[in-house]
Amino acid sequence: MVRGKLVEMVDQDKAREAVRMLLEAIGEDPTREGLAETPDRVARMYAELCAGMDHHASEHLSKTFPVPEDDLVIERDITFYSLCEHHMLPFYGKAAIGYIPNGRVAGLSKLARTVEVFARRLQLQEQLTAQVADALMVELDCKGAIVYMEAEHMCMTMRGVQKPGAKTATLACRGAFIENPGLEARFFRMLDR
């Protein structure tokens, strides 16, 4: 998405005012030299970090290609960044996606873009994982989908319990991956290679 269009999706005046008010609330002077442009920078940043709000997985998964075989397709090590909806702090990690096609496959970059669509919203990791799996099932009409995500949450590492390095893992299985547990095992074996 074009950077200028991102900024239009967020009410810049409201966002800047909110940041100014937050700076005042924590005892800062939003007019001092180091902070004078901070409200504008933060408003633009949130527009970028939450750009997935106006996007849908169908934008990326609608273009498919025929395949003669319906064997497991995996894309792994998809880096993602998101914001925890509870604290608005980042969580980030890697996603692995697997699916059993139903005669058609999506372009590989489209799988990573699908993760991005859902990650660029205020999120819960559990919800993010499920949304990607559900989108694959609906948009690709695939026989089964599996999504595994592992992430570090800044709300756990820099505040609260303060446990840097702690990772959260989530898994969503759909269709053939529920019906045939051997497929899940095969998926994880292939990730370990």
Side-chain angles (χ1 to χ4, degrees), residues 1 6 10 15 18-19 21-23 25-28 35 38 41-57 60 72-99 108-137 144-178 180-193:
M1 170 177 280
L6 284 172
V10 167
V19 174
M21 290 172 62
L22 178 61
L23 289 170
I26 63 171
E28 275 289 357
L35 293 176
T38 296
R41 282 192 297 266
V42 173
R44 287 192 320 267
M45 175 196 70
Y46 273 103
E48 185 176 337
L49 297 179
C50 297
M53 295 300 296
D54 289 335
H55 291 275
H56 304 281
H60 304 294
L72 179 58
V73 175
I74 295 176
E75 184 164 346
R76 67 181 195 187
D77 296 327
I78 302 167
T79 301
F80 68 90
Y81 302 90
S82 193
L83 290 174
C84 160
E85 69 181 31
H86 295 152
H87 300 97
M88 294 179 67
L89 285 171
F91 67 94
Y92 54 92
K94 301 268 185 183
I97 295 173
Y99 71 100
L108 295 177
S109 70
K110 305 308 183 195
L111 299 176
R113 289 184 190 279
T114 298
V115 171
E116 185 91 349
V117 163
F118 293 111
R120 293 224 173 232
R121 302 175 180 188
L122 296 180
Q123 272 292 10
L124 298 173
Q125 183 177 332
E126 299 87 342
Q127 178 177 279
L128 171 60
T129 306
Q131 287 171 335
V132 173
D134 292 340
L136 293 173
M137 292 298 289
I146 187 168
V147 178
Y148 174 76
M149 293 187 169
E150 190 171 284
E152 184 167 343
H153 292 247
M154 297 305 289
C155 58
M156 258 191 70
T157 63
M158 69 182 287
R159 58 152 304 279
V161 70
Q162 297 182 4
K163 296 297 177 201
K167 299 251 174 37
T168 300
T170 50
L171 178 69
C173 298
R174 304 289 187 265
F177 287 92
I178 294 172
N180 179 355
L183 283 174
E184 181 182 328
R186 182 176 174 205
F187 171 78
F188 281 105
R189 277 195 312 274
M190 290 176 75
L191 292 186
D192 287 337
R193 290 183 179 174

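The residues of the chain are indexed from 1 along the displayed sequence. Model, not experiment: these values are computed from the prediction.
With hydrogens and angles ignored, the 3.5 Å screen pairs no side-chain donor or acceptor of R174 with any backbone N or O of A145. Judged by distance alone, with hydrogens and angles left aside, the side-chain atoms of E152 form a donor-acceptor pair with the main-chain N or O of G165 at under 3.5 Å.
For the atom pair CD of Q131 and OG1 of T114, the computed distance is 12.0 Å after rounding to the nearest 0.5 Å. D134 contributes atom CG, which lies 10.5 Å from atom OG1 of T129 (distance to the nearest 0.5 angstrom). L122 CG to L49 CG: the interatomic distance, rounded to the nearest 0.5 Å, is 9.5 Å. Rounding to the nearest 0.5 Å gives a distance of 11.0 Å between CG of L111 and NE2 of H60. Atom-to-atom distance recorded for C155:SG and Q162:CD is 12.0 Å, nearest 0.5 angstrom. A distance of 11.5 Å separates SG in C84 from CE in M156, rounded to the nearest 0.5 Å.
Closest non-hydrogen pair, A57 versus V117, comes out as N-CG1, 4.1 Å. In this structure, Q123 and S82 approach most closely via the heavy-atom pair CB-OG, 3.4 Å. Across all their heavy atoms, C50 and L83 have their closest contact at SG-CD1, 4.1 Å. The heavy-atom pair separating A151 from F80 by the smallest distance is CB-CZ, 3.9 Å.
Annotation: side chain of L128 is not in contact with side chain of R121 (no heavy-atom distance under 4.5 Å). Using a 4.5 Å cut-off on side-chain heavy atoms (C-beta onward), V19 and Y46 make no contact. Inter-residue side-chain proximity for H55 and R120 is flagged as unmet; no heavy-atom pair is nearer than 4.5 Å. Counting heavy atoms from C-beta on, the side chains of Q127 and E85 come closer than 4.5 Å. Using a 4.5 Å heavy-atom cutoff, the side chains of T79 and V115 are not in contact.
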Before you tell me yes or no, could you show the steps for I74 and I146 under side chain to side chain contact (heavy atoms under 4.5 Å, CB included), namely the whole-Å CA-CA distance, both residues' side-chain angles and the distance that decides it to 0.1 Å? CA-CA 9 Å; I74 295 176; I146 187 168; over 6 Å; no
Show the numbers, then the answer: is there a side chain to side chain contact (heavy atoms under 4.5 Å, CB included) between K94 and E150? CA-CA 6 Å; K94 301 268 185 183; E150 190 171 284; 5.7 Å; no
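For F188 and Y148, the gap between ring centers is short of 6.0 Å.
Open room surrounds CE on M21; 12 or fewer heavy atoms of other groups in view lie less than 6.0 Å from it. By the neighbour-count criterion of 12 heavy atoms within 6.0 Å, atom CZ of R76 is densely surrounded, having more than that number from other residues, nucleotides or ligands. For CE of M45, the number of neighbouring non-hydrogen atoms (other residues, nucleotides, ligands) closer than 6.0 Å is greater than 12.
Side-chain polar atoms of T170 and Q125 form a donor-acceptor pair below 3.5 angstrom.
For residues 154-167, no pair satisfies salt bridge (charged side-chain N to carboxylate O under 4.0 Å, His left out), with sequence neighbours left out. Counting only residues at least two apart or on different chains, the side-chain hydrogen bond (donor to acceptor under 3.5 Å, both in side chains) pairs with a member in residues 183-192 are D71-R186.
Between F91 and H153, the ring planes lie parallel to each other; the angle is under 30°, not in the 30° to 60° tilted range.
Tested against M149 for a side-chain contact (heavy atoms from CB on, under 4.5 Å), the candidates V132, L171, T168 yield a single pass: V132.
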